[in-house]
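A short worksheet on the structure shown next.
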Amino acid sequence: MNLKMSANDRAQLAGERGPAAQMAMRIIVRMAEICGADSLMDITGAHIDSALFQGEATLEFAERLAGLGAKVVVPTTLNVSGVDERGWREWATPPEWAEKARRQMVAYQSMGAAPTWTCAPYQTEWKPKFGQQIAWGESNAICFANSVIGARTERYPDLMDICAAITGRVPAVGLHLTENRAGQILMRLADVPRRAQEDDEFYPVLGHLIGRIAQDRIPVIEGLVVAPAEDQLKALCAATASSGAVALIHLVGVTPEAPTREAAFQNRSPERIVEVTMESLREARRELTTAEGEKLDLVVLGSPHFSLAEFKKLAPMLEGKRRHDNVQFLITSSRLMTELADKAGYIEPLEQFGGKLTVDTCILTTPMLHPEIKTLMTNSAKYAYYSPGLLNAQVVFGKLDDCVRSAVAGRVVRDESLWRE
Amino acid sequence: MERVIQGRALVAGEAEGEALVTDQPLSFWGGYDQRTGEIIDRRHPLSGQIAAGRVLALPASRGSSTTTAVLLEAVKLGKAPAAIVTSAVDHFFSLASIVADEMYRKPIPIIALAPEDFTTLRTGQRLRIRRDGALIVLTGCVL
């Protein structure tokens, strides 16, 4: 074994910090060997995707660690769970599922992780800082932390994120190291006008296209002439991390490690140059819709979790309107954001509209939707990407105003003006 | 006649099964039904195929960090692939198998091949995996 270990690493591996730390360190060390790491390194924060109830095995894993006395040693947030702990009874969630998912939540909280229950931890007070070494799970959050903030995390899978939080150590590889953060593929926006770049709908579509082209490479995007808003970057990262295994995107002139193209590539040459045209974006947009026709059962917003700014934007669109009786309207968010939105007066218009809120979780991670919901509409590329496989549902992708208009009309309405040739 | 391809055993073990091969990465979350072993990513070329008990050969995992949890659940339910063969060192599949070893003493072999070896694999071939990471293509069963 070539892995250099500190005295503390060896102590943990020998069980001197208890059996939970020992098991977690055993997993970290085996992963370090697979990654070809020379050594382990410290992290100063973690975000845990493992708390998501996926079945008996993830629950057993959580309760095994908790039962062995596991405690996190760095500030740690929790990603979405498998159930809306307080609101699940309003939906189709089976009680047995709710109980097991709740047990899994309790197990991770008992380890000392903060019950944030959100896939947008970068929009909480726990947001990491530039250059901070962290171990994050949740693909959209990983991409946002690396790209938008310039914090450093590898793509930590479920079951490993918690081992990192318990031991405080990760293999010193990948995106933790400066030399591995250089861009690899150059993607140039060719004929994408400012008008398109200012539109919210552009970002999830661009993200979907980037992920599909970049796969597991680090893309550098050149040609943005606007400064995207935080929620636009959030939508971009979530889309990219769904259609590809992308953990870091450099946006030249926008993201912190890409003041220039040369800086983004660390003065290396791109492996490949791809032109992003309006035509390729149109095709990417078409891919995000699988449903045909105008029929609609549910409009769902909030993947990643809806932010305060998004609630603020949505509220005036809903004023004085009501959803069609045949179309449900749902927002998935965190407890924290919904409380803030409520204080700001953004929840009342939603309730008047006939909309509902789910917190802690999302439609992909808890069996909350009734089986008669066959067609969804969303402004989230992540929801659009995963719904057909996970929910066996048809999906329509559309911008926020189209989602609202469709909910009112009771059928799919989309403004195509941005995308016309 | 047998052909031996030497791979790297990311997680060592022995297995034998029919190959199910794709050149497209797959997220198990939203892509693999842990209760049946069916590939359910409707955008994926293997959509509708059952990978349980077969040797699943794919370049790597993709997307969601929940892939590992789905694979662990599939191991517990007996619906995991017999082994997974990749063309890159895939941390997600490796981790799921390591945790399956910790929890159930049931790791599934995870083998990384050189890309040029990976491209010689075909669906329907009968494959045997040895503990040292060698992958034996048992000819005569090739479709």
Side-chain angles (χ1 to χ4, degrees), chain A residues 23-24 26-28 30-31 33-36 47 49-50 52-61 64 79 136-142 154-161 163 171 173-174 211-212 215-216 240-247 287 290 364-365 382 385-392, chain B residues 8-12 23-35 38-44 47-48 59-77 79-80 87-104 106-107 110 112:
Chain A
M23 174 174 158
R26 213 159 42 218
I27 292 171
I28 293 282
R30 282 185 75 176
M31 287 303 290
E33 287 165 356
I34 286 171
C35 301
H47 180 64
D49 195 40
S50 311
L52 178 55
F53 175 68
Q54 191 65 40
E56 298 292 337
T58 53
L59 177 57
E60 275 178 32
F61 178 74
R64 165 91 61 97
N79 198 44
W136 274 26
E138 169 57 50
S139 62
N140 99 80
I142 292 163
E154 256 300 299
R155 292 170 62 225
Y156 284 100
D158 282 31
L159 314 172
M160 185 167 178
D161 47 21
C163 295
V173 293
R212 214 186 43 183
Q215 289 300 331
D216 62 349
T240 309
S242 298
S243 61
V246 175
E287 281 178 2
T290 61
L364 302 176
T365 51
K382 182 165 184 171
Y385 193 88
Y386 285 113
S387 291
L390 282 167
L391 303 175
N392 203 20
Chain B
R8 178 183 164 206
L10 301 176
V11 180
D23 62 357
Q24 296 295 312
L26 177 71
S27 167
F28 270 35
W29 189 64
Y32 192 96
D33 187 335
Q34 67 201 32
R35 294 157 304 175
E38 183 189 339
I39 294 180
I40 53 168
D41 178 347
R42 300 305 169 210
R43 295 175 174 89
H44 196 278
S47 172
S61 64
R62 179 190 52 67
S64 169
S65 37
T66 309
T67 281
T68 47
V70 175
L71 182 52
L72 180 68
E73 296 288 352
V75 171
K76 181 175 167 75
L77 295 169
K79 296 295 179 186
S87 63
V89 174
D90 192 280
H91 305 164
F92 286 27
F93 295 141
S94 303
L95 176 71
S97 182
I98 288 170
V99 177
D101 190 11
E102 282 281 340
M103 297 291 295
Y104 307 117
K106 276 203 288 195
I110 310 290

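Only heavy atoms go into these numbers, but all of them, side chains included; no hydrogens, no water, no symmetry mates. Reminder, nothing fancy here: chain letters follow the sequence lines and each chain counts from 1. Keep in mind it's a predicted model, so treat the numbers as computed, not measured.
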Does any backbone or side-chain atom of Arg43(B) lie under 4.5 Å from a heavy atom of chain A? Answer side chain, backbone, both or neither.
side chain
Is Thr68(B) reaching over with its side chain to a backbone N or O of Ala96(B), donor-acceptor style, under 3.5 angstrom?
no
What is the distance from atom OG1 of Thr66(B) to atom CG of Leu364(A), rounded to the nearest 0.5 Å?
10.0 Å
When you measure from the side chain of Asp161(A) to the backbone N and O of Asp49(A), does any donor-acceptor pair fall under 3.5 Å?
yes
Could you check whether Glu102(B) pairs with Arg26(A) (Lys NZ or Arg NE/NH1/NH2 to Asp/Glu carboxylate O, under 4.0 Å)?
yes
So, the part of Tyr156(A) with a heavy atom under 4.5 Å from chain B: the answer is backbone
For Asp33(B), is it the side chain, the backbone, both, or neither that has a heavy atom closer than 4.5 Å to a heavy atom of chain A?
neither
Check each atom of Leu52(A) against the heavy atoms of chain B and say whether the ones under 4.5 Å are side chain, backbone, both or neither.
side chain
Proximal component of Leu391(A), with respect to chain B [non-hydrogen, under 4.5 Å]
neither
Would you say Arg8(B)'s side chain and Ile34(A)'s backbone share a donor-acceptor pair under 3.5 angstrom?
yes
Main-chain N/O of Gln24(B) paired to His44(B) side chain as donor or acceptor, under 3.5 Å
yes
Using non-hydrogen atoms only, which part of Asp216(A) is less than 4.5 Å away from chain B: side chain, backbone, both, or neither?
neither
Given a strict heavy-atom distance threshold of 4.5 Å, which part of Arg30(A) is in contact with chain B: side chain, backbone, both, or neither?
both
Okay, Val70(B) and chain A: the region with an atom under 4.5 Å from a heavy atom over there is both
Taking side chain as everything from C-beta outward and backbone as N, CA, C, O, which of these in Tyr104(B) sits under 4.5 Å from a heavy atom of chain A? Side chain, backbone, both or neither.
side chain
Is Thr240(A) close to chain B through its backbone or its side chain, or both, or neither, when contacts mean heavy atoms under 4.5 Å?
neither
Top of Ser94(B), Ala60(B), Pro59(B) for chain A proximity - count of heavy-atom pairs under 4.5 angstrom:
Ser94(B)
What distance do Thr58(A) atom OG1 and Leu159(A) atom CG have between them, rounded to the nearest 0.5 Å?
8.0 Å
Okay, side chain of Glu138(A), backbone of Asn79(A): is any donor-acceptor separation there less than 3.5 Å?
no
Please determine, among Arg42(B), Met103(B), Gln34(B), the option with the most heavy-atom pairs under 4.5 Å with chain A.
Met103(B)
One should read off an interatomic distance between Ile110(B) CD1 and Leu71(B) CG, to the nearest 0.5 angstrom, of 6.5 Å
Is Gln215(A) close to chain B through its backbone or its side chain, or both, or neither, when contacts mean heavy atoms under 4.5 Å?
side chain
